[in-house]
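Only a predicted model underlies this, so the values are computations on that prediction, with no experimental measurement involved.
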Amino acid sequence: MPDMPSPRLYPARERTVASPARDLAAELNAEQGAAATHGEGPLLIIAGAGTGKTRTLVYRVAHLIERGVSPERILLLTFTRRAAHEMLSRAEKLVGSASKRVQGGTFHATGHRLLRQFGPDAGLPKDFSIMDQGDAEDLMQLARASLGYGKQEKRFPKKESLHYIYSRHLNTEKPVEQILQQEYAQFVEFSRDIVRIFAEYTSRKSERNLVDYDDLLLFWAMMLEQSPSLADRICGLYDHVLVDEYQDTNLLQARILRGLCRHHANITVVGDDAQSIYSFRGAHFRNILDFPKHFPNAQIVALEQNYRSTQPILDVTNTIISRALERFTKTLWTQRGGTDAPWLVTARDEQQQTRFVVDRILELHEEGTPLKEIAVLVRAGYMSADLEIELTNRNIPFEKWGGLKFLEAAHVKDVLAFLRVLENPRDEVSWYRILMLMPGIGDVTARAMMESMADRSWDPDAFSHFVPPARARDAHRGLADLIRRLRGARREDGGVGEDIDEIRALYDSILSERYDRSEPRLADLDQLRVIAAGYPSRSVFLAALALEPPSSTQDLAGGSESDNDALVISTVHSAKGKEWDAVFVIWAVDGWFPSSRSMDDEDQLEEERRLMYVATTRARNHLAVTYPLNVYATRRGQDYSIDQLSRFLDRGVRDKMQRVVPQEPAAPPPAGGAPLPASTEPAIDLRALLRGRFGG
DNA sequence: TTTTGAAGTCTCTCC
DNA sequence: GACTTCAAAA
């Protein structure tokens with residue numbers, strides 16, 4: 001079963017056994033205890049990596065509940081869905097199932113819940129649909145084209161840039177002009193045109209009942225700031241607000257928090273400026289330092305004792321972050337000994353790097369480390385392609401976090417577009433997507449059809465009344481029939497799965513025409529159907545997919561079967577907040593990590609450094625950083641060197657590591673690869689299918 | 001006006 | 001190596 005979007009909608013059964021009263025503070029160190037048992041008023045916890053931040057927050061939730069605060073009046077905002085789940089399940093261990101009533105989730109998911117509840121009072125339509133980033137970019141393209149931009153002008157920004165600038169404008173509150181000057185100097189001359197497009201984009205959104213990710217925050221902030229009565233009702237929902245990863249919040253989110261806590265100021269935030277890695281979403285690590293300004297009389301607690309890593313690992317990570325240009329927290333220390341310095345592995349090439357990592361993983365596994373206690377971290381999702389192939393060949397189960405998502409695949413978005421049109425007949429983005437798939441319908445016909453539907457106020461039958469040109473007649477009738485059937489269908493249990501079956505009766509042949517290798521894509525659609533069957537309705541399904549997309553192949557396989565022992569491959573971003581017994585950071589090559597895109601900007605380079613810090617601080621006992629000496633670049637004309645060790649592993653860092661040079665095996669590995677010991681579960685078929693499609 | 005094939009453009013991170 | 005854009009053919 002996929003996760004439901006909101007614990008509030010589907011409350012778990014209460015356990016009747018009361019949790020035993022216990023002295024929570026005794027299980028924490030002095031600073032953690034002070035933070036956990038803090039009374040009322042603002043609290044800022046500066047917590048270094050591995051200092052028990054989650055533990056402290058969990059204990060604080062437990063403390064509040066034991067002191068009589070109703071769980072449902074506690075709001076716990078986290079950055080990722082994974083963090084929210086982790087925290088709530090740990091809280092449950094402490095105080096029992098009452099913690100399940102704690103409200104929480106990501107900022108966006110929480111904003112969504114509030115908008116569904118209060119949006120109609122704020123003038124929002126009740127049945128809006130959520131666009132993901134790709135959809136928003138497509139709508140930006142429609143807005144741009146409708147104003148006639150982008151025909152001849154060669155250097156006009158493309159839809160992705162337009163959307164980025166728009167989003168940045170909202171999240172950082174910087175004027176568009178200033179963003180252009182700082183980040184898109186070549187487009188400054190189009191400043192007025194860009195603003196016009198944004199206005200068109202905004203009005204299209206509201207005419208079409210569409211809401212983008214930023215709107216979920218923006219409307220939330222507006223309800224708090226512009227409507228005193230609404231603000232009172234929303235503020236009145238929560239007595240305590242706790243925020244994780246505060247260093248990754250932006251100005252808009254800070255505004256929301258101020259609005260939420262206007263009456264009681266019972267706000268607790270946790271963060272580490274050294275782990276701020278989301279500036280591309282408008283976050284700035286200074287926000288955490290401004291917290292005491294926004295919330296006067298804030299108590300500040302710093303956690304500096306690291307419980308995670310051995311001293312040799314900490315020596316390396318401390319050195320990495322010590323090179324940062326601006327630092328505010330102090331050096332972490334630990335009582336955990338250890339003599340094994342982290343490894344710096346120089347491989348000859350990518351293949352050797354892969355072989356080394358896999359061999360070492362098997363070694364650790366034979367020594368007794370479960371696979372799920374081992375992680376391979378990469379700067380970007382695609383960098384694990386070779387490794388994934390090798391793991392598949394050698395039959396080692398793994399799950400992948402972050403990176404290219406299932407839902408971003410074109411054929412999956414196609415099928416979802418049908419569902420979305422049913423849910424919201426005004427969804428212009430989805431209409432356009434569907435229409436362009438139909439044989440005989442192109443850009444012009446599609447626009448004409450949408451215009452005709454708009455003229456009929458997006459009446460659900462508007463599409464079938466359109467009189468298509470001759471060559472599009474068959475396609476039009478087929479689509480109109482499909483929509484009529486789906487709309488007329490009355491089903492017992494949601495029936496999203498049956499909807500997908502109907503859609504595929506039309507779509508599968510289109511898919512097969514469009515793609516050479518259609519089998520893995522058809523398999524993806526089988527998978528989508530399995531996921532859909534677990535949801536009670538189209539609208540819940542669609543909202544859940546937009547806000548809480550399956551973020552690992554494990555999620556996709558439909559399992560929360562955590563006893564499945566599988567290696568984790570993750571982007572560094574998705575790995576934040578997690579820890580593993582053994583961590584491999586691969587591709588530590590200048591141009592990859594740091595990414596070449598960041599190398600001409602000091603701030604971005606600093607963020608890459610923090611990213612390396614986040615990656616290396618995930619390790620408890622074993623850390624290995626690997627890089628290949630020879631990278632066979634398939635791209636031409638790059639302005640960065642491709643065969644150098646990452647600049648973050650400078651001499652001082654290297655001195656604290658052991659150099660390891662893999663030995664070539666005497667003979668190539670046997671064709672079938674070395675199988676795992678029999679005790680290990682084989683990978684599930686569905687995951688293997690997905691890997692075939694998304695692995696690279 | 002649509003489709004198709006070829007040249008050209010970039011490449012991330014996440015809600 | 002995947003996706004977009006452009007030009008020519010149907």
Side-chain angles (χ1 to χ4, degrees), chain A residues 5 77-84 105-112 130-138 141 150-152 154 158-161 164 167 171 211-217 245 248-250 252-253 276-283 377-385 401-405 407-410 435-436 438-448 468-472 475 513-516 543-549 551 570-576 587 591-598 604 607-608 610-612 614-615 633-638 694 696:
Chain A
L77 291 167
T78 54
F79 222 66
T80 62
R81 182 175 64 114
R82 182 168 281 116
T106 61
F107 272 90
H108 291 86
T110 304
H112 173 242
I130 302 171
M131 294 188 287
D132 68 16
Q133 184 168 331
D135 301 328
E137 286 162 359
D138 289 346
Q141 173 65 23
K151 285 280 179 212
Q152 268 102 23
K154 281 271 180 283
K158 17 179 242 175
K159 61 181 185 197
E160 290 85 2
S161 310
Y164 174 83
S167 176
N171 283 285
V211 160
D212 62 26
Y213 284 141
D214 295 323
D215 288 332
L216 296 175
L217 302 182
E245 308 284 10
D248 289 325
T249 57
N250 58 40
L252 182 52
Q253 288 161 321
S276 168
I277 55 176
Y278 279 94
S279 70
F280 66 91
R281 263 169 70 174
L377 304 185
V378 289
R379 172 69 183 84
Y382 63 83
M383 292 179 188
S384 60
W401 297 359
L404 177 62
K405 276 180 218 65
L407 299 166
E408 286 161 10
L435 293 173
M436 290 295 280
M438 299 293 145
I441 298 178
D443 177 73
V444 176
T445 314
R447 283 171 191 282
R471 90 186 130 261
E513 289 273 311
R514 287 171 75 89
Y515 301 105
D516 289 343
L545 285 191
L547 289 171
E548 319 209 320
S551 52
S570 175
T571 61
V572 181
H573 284 88
S574 294
K576 189 157 73 154
W587 285 110
W592 300 99
F593 198 169
S595 143
S596 59
R597 294 192 76 201
S598 313
Q604 285 186 49
E607 176 145 317
E608 297 277 323
R610 294 191 293 271
L611 211 43
M612 180 63 87
V614 168
T634 53
R635 332 185 208 172
R636 59 216 154 85
Q638 295 299 313
F694 294 100

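Consecutive Watson-Crick or G-U pairs involving DNA chain B, each under 3.5 Å on both distances, make up stems of three or more pairs at B:1-9 with C:2-10.
Here A:Pro469 lies out of heavy-atom contact (under 4.0 Å) with every strand. Residue contacts for A:Arg597: at a heavy-atom cut-off of 4.0 Å it reaches a base atom on one of the strands shown.
Taking only side-chain atoms of A:Arg281, from C-beta outward, the nucleotide of B:dC15, B:dT1, B:dT13 with the closest atom is B:dC15. Counting only heavy atoms from C-beta on, A:Arg471 has its side chain closest to B:dT1 among B:dC12, B:dT1, B:dC14. Comparing C:dT4, B:dC14, B:dT1 against the side chain of A:His573 picks out B:dC14 as the nearest. When distances are taken from the side chain of A:Val444 to each of B:dC15, B:dT1, B:dT13, the shortest belongs to B:dT1. For A:Thr106, whose side chain is taken as the heavy atoms from C-beta onward, the closest listed nucleotide among B:dT1, B:dC12, B:dC15 is B:dC15.
C:dT5 and B:dC12: their P atoms are spaced 16 Å apart (whole Å).
Shown here are the salt bridge (charged side-chain N to carboxylate O under 4.0 Å, His left out) partners of A:Glu607, two or more places apart in sequence or in another chain: A:Arg610. Residues that satisfy the salt bridge (charged side-chain N to carboxylate O under 4.0 Å, His left out) test with A:Asp135, not counting sequence neighbours, are A:Lys413, A:Arg420. Residues passing the side chain to side chain contact (heavy atoms under 4.5 Å, CB included) test with A:Ala83, sequence neighbours excluded: A:Thr78, A:Thr80, A:Asp244. Taking the side chain to side chain contact (heavy atoms under 4.5 Å, CB included) definition, one finds that A:Glu137 meets it with A:Gln133, A:Lys159, A:Glu160, A:His163, sequence neighbours left out. Judged as a salt bridge (charged side-chain N to carboxylate O under 4.0 Å, His left out), and not counting sequence neighbours, the contacts of A:Glu608 are A:Arg379.
For A:Ser595, no side-chain nitrogen or oxygen approaches OP1 or OP2 of B:dT13 to under 4.0 Å.
Between A:His108 and A:Lys158, the residue anchored closer to the 5' end of DNA chain B is A:Lys158, taking for each the nucleotide with the nearest heavy atom. If A:Ser598 and A:Ile441 are placed on DNA chain B by their nearest nucleotide, the residue sitting closer to the 5' end is A:Ile441.
Atoms CD (A:Gln604) and P (B:dC12) sit 13 Å apart, rounded to a whole Å. The nearest whole Å value for the distance from the CG atom in A:Leu545 to the C1' atom in B:dC14 is 16 Å. The distance from atom CZ of A:Arg610 to atom C1' of B:dT13 is 13 Å, rounded to the nearest whole Å. Atom CD in A:Glu245 sits about 14 Å away from atom C1' in B:dC15, given to the nearest Å.
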**OP:** Apply the test side-chain contact (heavy atoms from CB on, under 4.5 Å) to residues A:Tyr278 and A:Asn250: give CA-CA distance (whole Å), side-chain angles for both, the deciding distance (0.1 Å), then the verdict.
**Re:** CA-CA 9 Å; A:Tyr278 279 94; A:Asn250 58 40; over 6 Å; no
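Side-chain N or O atoms of A:His573 include one that pairs as donor or acceptor with a backbone N or O of A:Ile277 at under 3.5 Å.
In this structure, A:Phe107 forms no aromatic stack with the base of B:dC15, since the conditions of centre separation below 5.5 Å and plane angle below 30° are not both met.
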